[in-house]
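Order of listing sets the numbers, starting from 1, for every ligand and every atom in it.
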Amino acid sequence: MDLDLDAATLEFRDEVRDWLAEHVPTTPLPPMDSDEGFPLHREWEHTLAEARLSTVTWPREFGGRDASLLQWVVFEDEYYAAGAPARVSANGIALLGSTLFAFGTDEQRARLLPRMARADDIWAQAWSEPEAGSDLAAVRSRAVRTDGGWLLSGQKTWSSRASHADRAFGLFRSDPEAQRHHGLTYVMFDLRADGVTVRPIRQLDGVTGFAEIFLDEVFVPDEDVIGAPGEGWRVAMTTASNERGLTLRSPGRFVAAAERLVDLWRERPSTEAADRVVDAWLGARAYRLYTLATISRLADGGTLGAESSVNKLFWSELDVALHETALDLLGTDGELAGPWQSGYLFSLAGPIYAGTNEIQRNVVAERLLGLPRGSR
Ligand SMILES: Cc1cc2nc3c(=O)[nH]c(=O)nc-3n(C[C@H](O)[C@H](O)[C@H](O)COP(=O)(O)OP(=O)(O)OC[C@H]3O[C@@H](n4cnc5c(N)ncnc54)[C@H](O)[C@@H]3O)c2cc1C
């Protein structure tokens, strides 16, 4: 890959930079998972979408601008450098969107993607269950065949954004007789449909980022199944590879945080922390190069595959180390509520969500290094 940006990409970068300078709110929005912050973040997504900046790589017919993946990396660099609001539509755009491109029908793409790009629908991921987290194939929520569709019943948990979101996508057991990884179906449903109860889970900071979702014979039409019934595991693995391997956490997020860490170190120099500041800065740059290598691999016809797990391990551990270093530089001031403290608390979740790091290490050991399978 040529690391020098071509003229079109430079022009795109300048346009994005200027647009963000003009539009990013000067006062940070309240947290996106708060009652107050959610609608403001949705409004921000509408503003982004009007400029065709909410989903830059998508085709124009769905609200994007056909940008290359390299241009997406550049967009994200600019987005985070500008301190723009957190993306309340990320579950849709980064996870479900890529899944619909791989497995959706033309009708589903035409119906769902433009609404997702404009944040008319904000999506939640309803995968985890009380007894199915790392072991996702253990899901027990059911999809039972009925006239023209399916009836969903069961319980989902830890669903980010579900307390405020409009719709959700999840895995349901449609054939209880089939082997664990078979007999699962990938279904989208309305969070306000009859039979759905959403119970928010209040977090340490008081916001309700998570929710439990209870489903009691919730009807979904056949049009809201992604992929073939019974093929849900294969579809879900596409979502998971995208989540871990590329779309959820762009390098821009870490490069911008590392730059802020360097600024903090300049304000509060510490010989003891210098090496860790440098490590974080280099780690963010290395992650950017690794992402560019992933993009090259995809451009050559490669797939995300098990390398996604390496990616996820790297960014989640980098994020924790970076924030720990910032709090050390802040000393007792770090205990005061502020962006570094809230960033630190959220970074601690990185090794858990999108599949825990222990599980990613198992994937790396077995699928990339060819080590024998551990006992389960
Ligand atoms: C911030 C955040 C956001 C989330 N958002 C969502 C969401 O939007 N939608 C959703 O569906 N879920 C979401 N989750 C849930 C997340 O996917 C699960 O928490 C995660 O998959 C782990 O599942 P669990 O909590 O059931 O833990 P468990 O699976 O019970 O694991 C407990 C511990 O055992 C370890 N462990 C389990 N099995 C193995 C093994 N085979 N080898 C080695 N170690 C093992 C795990 O690594 C972990 O440390 C979110 C979680 C967090 C923290």
Please set out all donor-acceptor pairs under 3.5 angstrom arising from side-chain atoms of residues 52-60, sequence neighbours excluded.
residue, atom, partner, partner atom, Å
Arg52, NH1, Arg60, O, 3.1
Arg52, NH1, Gly64, O, 2.9
Ser54, OG, Ala117, O, 2.7

Whether Tyr79 and Phe75 hold their rings parallel, tilted or perpendicular, with breakpoints at 30° and 60°
tilted

Mind checking whether Glu129 has an N or O less than 3.5 Å away from an N or O of ligand 1?
no

Short version for Ile352: what comes under 4.0 Å of ligand 1, heavy atoms counted, is both

Whichever hydrophobic residues join Val196 through chains of side-chain contacts under 4.5 Å:
Trp150, Leu152, Phe172, Val187, Phe189, Leu191, Val198, Ile213, Leu215, Val218, Val220, Val225

Does any N or O atom in Asp135 lie less than 3.5 angstrom from one in ligand 1, N or O only?
no

Determine yes or no for a side-chain-to-main-chain donor-acceptor pair under 3.5 angstrom, with Arg253 supplying the side chain and Glu76 the backbone.
no

Just to be sure I read this right, does ligand 1 sit under 4.0 Å from the backbone of Asn362, its side chain, both, or neither, counting only heavy atoms?
side chain

Enter the distance from Glu61:CD to Leu113:CG here, rounded to the nearest 0.5 Å.
9.0 Å

Centres of the Phe38 and His164 rings: under 6.0 Å?
yes

Any N or O of Thr356 closer than 3.5 Å to N or O of ligand 1
yes

Is Glu358 in polar range of ligand 1, meaning some N or O pair under 3.5 Å apart?
yes

N/O separation below 3.5 Å, Asn91 to ligand 1:
no

